[in-house]
Amino acid sequence: MPRPLPRSFYARETLTVAREILGCVLVRESGGELLRGRIVEVEAYVGEEDKACHARAGRTPRTDVLYGPPGLAYVYLTYGMHYMLNAVTEPAGRPAAVLIRAVEPLDGLDRMARGRGFSNGAAKAHLLTSGPAKLCQAFGLDLRQNRSDLRGPELWIEPGAAVPDSRVAVSPRIGCETAAKPWDRMPWRFYEADSPFVTPGRALHRKTQGSQRSRHKE
DNA sequence: GGCCCGATACTCT
DNA sequence: GAGTATCGGGCCC
């Protein structure tokens with residue numbers, strides 16, 4: 001039975017929500033089956049001044065949901081092929097959200113593997129949901145879930161065992177290297193430090209487009 | 001094991 | 001018309 005986090009959980013400062021949503025459980029109901037994953041990595045995107053937040057350009061058809069009531073899903077397409085799941089935060093009128101970047105698979109791993117396109121069920125668990133686009137594939141999420149209520153019935157987030165400070169790490173947000181300073185370096189990515197289910201690698205620097213190799217020099 | 005590159009379509013200037 | 005909150009394969013160590 002769904003026992004989702006209440007709307008009041010999301011109606012707080014985004015950094016608080018991001019920190020506390022670690023350890024909570026993302027649940028997806030689909031075709032009578034429940035897919036469950038423990039949230040181990042998130043990022044906070046906070047308002048129009050945050051130049052890495054989609055709301056930096058103000059209210060548009062796409063970002064409209066960010067300005068609405070907290071506790072709704074904001075799902076969007078990026079790079080023309082990948083979906084991202086966010087939870088809208090803060091009281092209505094303040095555009096902010098927490099990007100769910102990775103979960104630890106708990107239930108429905110076979111179904112997740114199929115969603116990811118793995119034909120054999122022997123896929124390694126850490127390949128299923130260790131990234132924002134991967135977890136959307138595994139959970140079968142796309143634009144149809146945009147604006148859906150995170151209190152169910154098709155998608156919700158349940159309370160879980162809190163992750164202690166000693167196991168939480170912080171870093172700049174991934175993929176925001178080109179955002180204006182200081183927003184490119186804000187330490188607003190929270191993740192479980194010792195989890196094998198977070199985004200692998202780390203420096204996703206890429207930025208030179210067209211220039212070969214590197215020219216180093218500043 | 002790490003780095004580089006292309007794919008692909010939608011959003012806003 | 002440009003830029004994008006990524007992923008996975010290919011290549012080179």
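Note on naming: letters A, B, ... go to the chains in the order of the sequence lines (proteins, then strands), and numbering restarts at 1 for each one.
Across the strands present, B:dT8 finds no partner; the criterion is a Watson-Crick or G-U wobble pair with both atom distances under 3.5 angstrom.
With rounding to whole Å, A:Y83 atom OH is found 15 Å from C:dC7 atom P. To the nearest angstrom, C1' of C:dT6 lies 12 Å from CG of A:L135. With rounding to whole Å, A:K51 atom NZ is found 16 Å from C:dA5 atom C1'. Atom CG of A:L128 is separated from atom P of C:dC7 by 13 Å (rounded to the nearest Å). One interatomic measurement links the two molecules: OH of A:Y45 to C1' of C:dA5, which rounds to 4 Å at whole-angstrom precision. Atom C1' of nucleotide C:dG9 and atom CZ of A:R116 are separated by 14 Å, given to the nearest angstrom. Atom pair A:M84:CE and B:dT8:C1' shows a separation of 13 Å (rounding to whole Å applied). Distance, A:D184 CG to C:dG3 P: 17 Å, rounded to whole Å.
Across all strands shown, A:M81 has heavy atoms under 4.0 Å from base atoms, whether or not it also approaches the sugar-phosphate. Among the heavy atoms of the strands lying under 4.0 Å from A:A133 are primed sugar atoms or P, OP1, OP2 only; no base atom is included. No contact: A:R189 has no heavy atom under 4.0 Å from any strand. Nucleic acid contact class of A:L77 (heavy atoms, under 4.0 Å, all strands): sugar-phosphate only. Within 4.0 Å of A:R62, counting heavy atoms only, lie sugar-phosphate atoms of the nucleic acid but no base atom.
Classification of A:R147 and A:D64 as a salt-bridged pair holds, one side-chain N sitting under 4.0 Å from a carboxylate O. Contact check on A:E90 versus A:R12 returns no salt bridge, with no Lys/Arg side-chain nitrogen under 4.0 Å from an Asp/Glu carboxylate oxygen. The existence of a salt bridge linking A:D50 and A:R56 is excluded, since no basic side-chain nitrogen approaches an acidic carboxylate oxygen closer than 4.0 Å.
For the P atoms, the distance linking C:dG1 with B:dT8 amounts to 22 Å, nearest Å.
When each of A:Q137 and A:V98 is assigned the nucleotide of DNA chain C with its nearest heavy atom, A:V98 is the one assigned upstream, toward the 5' end.
Distance from the side chain of A:A57 is smallest for B:dT13 among the nucleotides B:dT13, C:dC7, C:dA5. Listed nucleotides: C:dT6, C:dC7, C:dA5. Nearest to the side chain of A:C176: C:dA5.
In terms of polar N and O atoms assigned as donor or acceptor, the side chain of A:Y79 never comes within less than 3.5 Å of the base of B:dA9 in a complementary pairing.
With a 4.5 Å cut-off on side-chain heavy atoms, A:E48 and A:Y67 count as touching.
Remark: A:R94 CZ is loosely packed, at most 12 non-hydrogen atoms of other residues, nucleotides or ligands lying under 6.0 Å away.
For B:dA9, the OP1/OP2 oxygens have no side-chain nitrogen or oxygen of A:T78 closer than 4.0 Å. Proximity of A:H54 to the phosphate of B:dT11: no side-chain N or O atom is located under 4.0 Å from OP1 or OP2.
A:E33 places no side-chain N or O within 3.5 Å of a backbone atom of A:G108 that could act as its donor or acceptor partner.
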